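Let me begin by presenting the structure, written as structure tokens, before commenting on it.
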Amino acid sequence: MSTGVIIVLIVILVGVVAAAAALVPRARGGFGGSGLKRRFGPEYDRTVARHDGDTKAAERELGERVQQHGSLREQPLEPAAREQYQARWAAAQELFVDSPRQAVADVDQLLGEVAGARGFPDVEEYDKQFDALSVHHADHVHGYRRVHRVVQSRTNGAPESQVGTEEMREAMLEARALFDDLIGSDDGGRGRGSSSGRTGRHTFGSFNRQAVKGS
């Protein structure tokens, strides 16, 4: 094989490798920094902070989440199941006045069950379930993290004073947004005009007043 042919083959090979490298982010759903920022929103910033400002490490983690869970298709909820979930949320909301920690624990369990019913990983695999939810509900997933941390602080024997009533109330407020996303509609909860969304906002105002009174 002549030197000229070898050079041509090398040039072609380099071009193929470069093209493949350029196509990888697209094939993975826009894993570049700007694409991940758009997709994850505030969750992107939280992940960067958790990696002590290491953007590359954060983007690697978020890219892996998209690769593993981006193709997940959310399953519809039966109307009866949706009503049961709404009733359980209302019960937890009422319970908060007298037993805020138990109410938060009930919400944590409820969110996990609803997510599982929608086709996300099982509630027993919290980390995997959370990662999948962050890919499809990035704007509101942090509420789930907050209520789960409250439950974990109690499980790990943290002092009662570490998590106050106000912090638990705020965690439930934020978690409600994810709950509404998950039960709101069969297209991933992105329909904002559903009757369930209006009901959620009304009862949520009552929760605000009751929680402040209870605290």
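What you see is a predicted model; the values in this text were computed from it and never measured.
Nearest heavy atom pair, residue A171 against residue V147, reads O-CG1, 3.7 Å. Scanning all heavy atoms of the two residues, the minimum distance from F96 to T165 falls at CZ-O, 3.7 Å. Scanning all heavy atoms of the two residues, the minimum distance from H140 to L178 falls at O-CB, 3.5 Å. Here the shortest heavy-atom pairing between A117 and Q75 reads O-CB, 4.0 Å. Taking each heavy atom of A103 and A92 in turn, the nearest pair found is CB-O, 3.3 Å.
The backbone N or O of H142 lies less than 3.5 Å from no partner atom in the side chain of E174, so there is not a single donor-acceptor pair. Between the E59 side chain and the A57 main chain, no donor and acceptor come within less than 3.5 Å of each other. Formation of a donor-acceptor pair under 3.5 Å by the H69 side chain with backbone atoms of H136 is not found in this model.
Taken from CG in L173 to CE in M168, the straight-line distance is 12.5 Å, to the nearest 0.5 Å. One finds the CD atom of E124 at 9.5 Å from the CD atom of Q129 (value rounded to the nearest 0.5 Å). Atom-to-atom distance recorded for D106:CG and Q93:CD is 12.5 Å, nearest 0.5 angstrom. Rounding to the nearest 0.5 Å gives a distance of 10.0 Å between CZ of F179 and CE of M172. Atom-to-atom distance recorded for L36:CG and R60:CZ is 12.0 Å, nearest 0.5 angstrom.
The side-chain heavy atoms of L77 and Y85, taken from C-beta on, include a pair separated by under 4.5 Å. K56 is not listed as a side-chain neighbour of H51, based on a closest heavy-atom distance of 4.5 Å or more. By the 4.5 Å heavy-atom criterion applied to side chains, E170 and E166 are counted as neighbours. At least one side-chain heavy atom of V135 sits under 4.5 Å from a side-chain heavy atom of R39. Put simply, the side chain of R88 does not reach to within 4.5 Å of the side chain of V114, judged on heavy atoms. Taking the side chain as every heavy atom from C-beta outward, F130 and L111 never approach each other to under 4.5 Å. In this structure, the side chains of F120 and K128 stay at 4.5 Å or more apart for every pair of heavy atoms.
Electrostatic pairing of E43 and R46 counts as a salt bridge here, judged by a charged N lying under 4.0 Å from a carboxylate O.
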Worksheet entry | Derivation and outcome, side chain to side chain contact (heavy atoms under 4.5 Å, CB included), residues D108 and V150 | CA-CA 9 Å; D108 179 56; V150 172; over 6 Å; no

Item to complete: Determine, stepwise, if the pair Y144 / Y126 fulfils ring-ring contact (aromatic ring centres under 6.0 Å, His included).
Response: CA-CA 10 Å; Y144 187 20; Y126 168 78; 5.2 Å; yes

Worksheet item: Between F40 and V66, is a side chain to side chain contact (heavy atoms under 4.5 Å, CB included) present by the stated rule, with each step listed?
Response: CA-CA 10 Å; F40 285 94; V66 176; 3.6 Å; yes

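A donor and an acceptor atom, one from each side chain of E64 and Q68, are nowhere located under 3.5 Å apart. Side-chain N/O atoms of H148 and R145 include no donor and acceptor closer than 3.5 Å.
Tracing side-chain contacts under 4.5 Å through hydrophobic residues (I, L, V, M, F, W, Y), one reaches I183 starting from L72; they form part of the same cluster.
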